Amino acid sequence: MKIKIDLNGIKSIDIENGTTALDILNSLNTQENKRPLAAIFNDSLIDLSLPIENGGVLHPLTFGDEEGRMVYWHSTSHIMAQAVQRLFPDVKLAIGPAISDGFYYDFFSEKPFSLEDLKNIEKEMKRIIKDDQSFERIDKTKEEAVAQFTERNEKFKLELLDELEGKVSLYKSSEFIDLCRGPHVPSTGYIGAYKLLSVSGSYWRGDEKRENLQRIYGVSFETKEELESYLKKLEEAKERDHRKIGKELDLFSINENSGVGLILWHPKGATIRRIVEDFWKVEHLKHGYELVITPHIAKAGLWRTSGHYDYYLENMYIIKKENEEYVLKPMNCPGHILIYKSKIHSYRDLPVRYAELGTVVRDELSGVLHGLLRTREFTIDDAHIFCTEEQIDDEILGVLKFARKITKIFGFHKLAYELSVREPECKDKYAGCDEDWKKAELSLIKALETENLEYKRMEGEAVFYGPKIDIQMYDSLGRKWQGPTIQFDFNLPGRFGVTYVGKDGNPHNVFIVHRTVLGSIERFIGSLIEHYKGDFPVWLAPVQVRIMTITDKLIDYAEHINETLKSHNIRTEIDKRNEKINLKIREAEKEKIPYMGIIGEREERENTISLRERHRKDRGSITTADLVTEIQEKSNIKIQ
RNA sequence: GUCCACGUAGCUCAGUAGGUAGAGCACAUCCUUGGUAAGGAUGAGGUCACCGGUUCAAUCCCGGUCGUGGGCUCCA
């Protein structure tokens, strides 16, 4: 019997019923040099070995497809697990999924794996790949699978099975058998190049009360070249690490004497921060926000009203003073609400937009602290919008546009959007009424659609108090950073009784929208450091110009130039040491200073500066006035 | 908080199979006044993270504490 297969929506062919997906794809003999790894048939992921019955749409998956890569990595993780069990027969299997950049497998092992072990595991993997074992799918009933894993003494697999119903699938390659949904690449020989990257601890099911597991991370590619280029990218990321650059460029430090997770901003780091914050304030004032300031500590009662005292207690620093208890603020919202509530608002007053660079303190677990990215004290570029129901569409759209504008100015041109909504089944675990959630969600969608933005809908990812849009920024290495967030809050208005007086003279509930553009100033500057690799555009560079003398005789003239630049608000400094010009240039280059003004006898005579620009080398002579103009222009455009 | 690894000069890192340490850069002084990525000499700098234990002797071995890194968990 012949059946009809629609290939990838491109062409349609008739084939014998029961032909495998692999044979179908092979028979095509396409010019594309892309090897299929698995396929999607009528919307489900399948192995290429699956005989196709009945017609439908067949879509091959290659390493170029995200799903294809996931299959590839997942198969590699099986190979690794097989190698581990050959070398360490007592090791028990937990789980081994593909992740966004490779794969891992969690094992239960009495002894932790060493780097030496990883090398041996890699060697064993090589054998398995060379043997080109096929990945064989075996469908079993749950009972059969339980029997099988009982025999193999795989208690974690049994626990997983316990939660499954009906038929389950196992994958077998040679002696190795794993409980697995699949699909897999046809055989182990498909794996071209791989590397085990690190070993670390984890918990069974992420639960710290459960067994401690050993997790091995790895990655694989079809060719050695791709693997090498990936490893190079990892090296590159290491080179960009904001902690390394922060030290090299003398931007900030963390000192255990003052406390871990607390940032000491050195002059240059503080300068960058000041520029970011000044810019932030000016932009917010332009966009209809009012700047407010709220105290760093507040009485415990405020946090009881807000609910933080009950639900956020373990993250809060509490200060006890005589009979009064104070809390170091972990969030800015309650303060802003108190300002709003300090008077009665008419509908005519709305929307009210309060913005603050609000420094908050949260007792984060010591293990998560990470440079500027995870700290215990950080400054949120926070704002709360108080508005009526009719205003939410305009407000959300306004925030979205504003957030996009600001992130682009800082050089993040590629953004991704996520809409987090409620879990549809259990609506009762959320604050706020059904109607408000619907309105808010629609409003968020409308804004995204008005701006023609693609977004990913995240079912059940909303926090309990409201739906939100999260914006991710891609940096110059293509890595994602958490950027702006726009979030409805259906919890605090009720707790604090936040209202406005409507046309009818009665109080009405306000909508509160919590939003941040940069997230935290600390983290944002961390992302800027890595994005620019410390090589900041002129408007952000802590030092824009360094004036350097060729000989001691030129110090007076150099100082004059330096002062002139300073009087035009240019961030300049002078290197008048008794050193050769080559050394001074080398150091300025290493410090990534965008402009070097070299001062010799000729310049003094002609009243100019010899300008060297980073990345452009010697630009010849220029007058001070021209340099001032150039820097001011670059600072105003804020792009480079 | 937790698992594993690590902690030597301001920085980057050697080293000691247990006998109290070394380089480069940075810093200081002197020589050199040199035109677009490292001129030379001399010198100063360390309770080898901290606290205990074993030992005639510990920076090295053992235990604990603190910190750092990669994870887990959490999250801006």
Side-chain angles (χ1 to χ4, degrees), chain A residues 99 104 106 109 111-115 117 197-217 238 241 243-244 247-248 250 253-257 259-261 312 314-315 330-332 358-360 362-382 463 470 481-485 487 514-524 526-527 548-555 576-591 596-603 610-614 616-621:
Chain A
I99 50 176
Y104 68 79
D106 279 347
S109 166
K111 232 177 59 194
F113 298 114
S114 66
L115 291 177
D117 292 333
L197 297 168
S198 64
V199 53
S200 69
S202 65
Y203 305 108
W204 172 236
R205 317 215 114 178
D207 183 346
E208 60 185 272
K209 292 181 193 71
R210 300 293 307 269
E211 291 85 344
N212 252 305
L213 304 174
Q214 300 288 322
R215 174 172 299 179
I216 302 179
Y217 285 90
K238 234 190 227 169
D241 192 311
R243 293 163 299 181
K244 178 174 148 82
K247 200 184 269 180
E248 285 167 359
D250 198 15
S253 64
I254 298 164
N255 190 309
E256 58 184 280
N257 292 117
V260 298
Y312 206 68
E314 53 184 39
N315 286 293
M331 293 186 186
N332 299 305
T359 303
V360 298
R362 302 179 184 174
D363 185 22
E364 301 288 353
L365 296 179
S366 64
V368 306
L369 301 175
H370 183 90
L372 293 176
L373 306 187
R374 285 302 296 277
T375 60
R376 286 192 171 139
E377 179 181 293
F378 59 98
T379 299
I380 307 178
D381 76 304
D382 220 348
V463 282
D470 284 313
W481 296 79
Q482 180 59 49
T485 305
Q487 167 122 47
H514 167 109
R515 49 106 286 183
T516 158
V517 177
L518 310 178
S520 103
I521 300 291
E522 284 77 2
R523 173 185 285 186
F524 188 75
S527 74
M548 41 189 83
T549 52
I550 289 176
T551 77
D552 291 353
K553 294 180 211 113
L554 285 319
I555 290 178
K576 54 189 179 190
R577 291 174 304 163
N578 173 15
E579 294 290 355
K580 290 202 167 167
I581 199 67
N582 278 344
L583 181 86
K584 295 185 183 184
I585 288 169
R586 177 182 156 81
E587 289 183 356
E589 286 281 349
K590 281 173 72 177
E591 289 171 48
M596 284 157 258
I598 292 155
I599 305 295
E601 284 178 19
R602 194 172 65 232
E603 286 71 28
S610 173
L611 189 69
R612 182 184 164 107
E613 191 180 343
R614 204 172 134 64
R616 282 179 67 184
K617 308 250 165 143
D618 191 354
R619 282 182 49 189
S621 288

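Naming: A, B, ... by sequence-line order, numbering from 1 per chain. Note that the structure is predicted; figures quoted are calculated from it, not measured.
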Establish whether the base of [N] is bridged to the side chain of [X] by a donor-acceptor pair shorter than 3.5 Å.
{"X": "A:E603", "N": "B:G35", "result": "yes"}
{"X": "A:R362", "N": "B:C75", "result": "no"}
{"X": "A:Q487", "N": "B:A76", "result": "no"}

Fill in the blank from the handout: Protein heavy-atom contacts under 4.0 Å, written 5' to 3' over nucleotides 7-13 of chain B as B (base), S (sugar-phosphate only) or - (none), form the string ----SS-
Whom does [N] pair with, Watson-Crick or G-U wobble, provided both distances fall under 3.5 Å?
{"N": "B:C6", "result": "B:G67"}
{"N": "B:G1", "result": "B:C72"}
{"N": "B:G35", "result": "none"}
{"N": "B:U16", "result": "none"}
{"N": "B:U29", "result": "B:A41"}
{"N": "B:C61", "result": "B:G53"}

Of the nucleotides [options], which one has an atom closest to the side chain of [X]?
{"X": "A:K580", "options": "B:U73, B:A37, B:G39", "result": "B:G39"}
{"X": "A:D552", "options": "B:G35, B:A76, B:U33", "result": "B:U33"}
{"X": "A:V368", "options": "B:C74, B:G34, B:G71", "result": "B:C74"}
{"X": "A:I585", "options": "B:A37, B:G67, B:C75", "result": "B:A37"}
{"X": "A:K553", "options": "B:G35, B:A38, B:U33", "result": "B:U33"}

Handout entry: Pair A:E613 + A:R619, salt bridge at N-O below 4.0 Å
Key = yes
Problem - Side-chain ion pair, A:K590 and A:E248, N-O less than 4.0 Å - result: no
[atom1] atom, [N] versus [M]: distance in rounded Å?
{"N": "B:G15", "M": "B:U20", "atom1": "C1'", "value": "14 Å"}
{"N": "B:G63", "M": "B:A58", "atom1": "C1'", "value": "14 Å"}
{"N": "B:U2", "M": "B:U8", "atom1": "C1'", "value": "28 Å"}
{"N": "B:G45", "M": "B:A28", "atom1": "C1'", "value": "11 Å"}
{"N": "B:C51", "M": "B:G67", "atom1": "C1'", "value": "15 Å"}
{"N": "B:C60", "M": "B:U29", "atom1": "P", "value": "38 Å"}
{"N": "B:A26", "M": "B:C72", "atom1": "P", "value": "40 Å"}

Practice task
State whether the aromatic ring of A:Y217 stacks on the base of B:G71, taking stacking to mean ring centres under 5.5 Å apart and ring planes under 30° to each other.
Solution key: no
Practice task
Output all residues satisfying side chain to side chain donor-acceptor pair (under 3.5 Å) with A:T379, sequence neighbours left out; order by chain, then residue number.
Solution key: A:R273, A:T359
For [N], take OP1 and OP2 only and decide whether either is under 4.0 Å from a side-chain N or O of [X].
{"X": "A:H514", "N": "B:A76", "answer": "no"}
{"X": "A:S366", "N": "B:G1", "answer": "yes"}
{"X": "A:R376", "N": "B:C74", "answer": "no"}
{"X": "A:R612", "N": "B:A37", "answer": "yes"}
{"X": "A:R374", "N": "B:C74", "answer": "no"}

Handout entry: From CA spacing to verdict: side chain to side chain contact (heavy atoms under 4.5 Å, CB included), A:T375, A:R523
Key = CA-CA 9 Å; A:T375 60; A:R523 173 185 285 186; over 6 Å; no
Problem - Test ring-ring contact (aromatic ring centres under 6.0 Å, His included) applied to A:Y104 - qualifying residues, sequence neighbours left out - result: A:Y217
Problem - Donor on one side chain, acceptor on other, A:D382 and A:T516, under 3.5 Å - result: no
Handout entry: Set of side chain to side chain contact (heavy atoms under 4.5 Å, CB included) partners for A:S527, sequence neighbours left out
Key = A:F412, A:M473, A:W481, A:F524
Practice task
Using the test side chain to side chain contact (heavy atoms under 4.5 Å, CB included), find all partners of A:D241 that sit at least two apart in sequence or belong to another chain.
Solution key: A:R243, A:K244, A:E530
Problem - All salt bridge (charged side-chain N to carboxylate O under 4.0 Å, His left out) counterparts of A:D106, not counting sequence neighbours - result: A:R215
Practice task
Kindly label the base of B:G45 as syn or anti, based on whether its glycosidic torsion lies within 90° of 0.
Solution key: syn
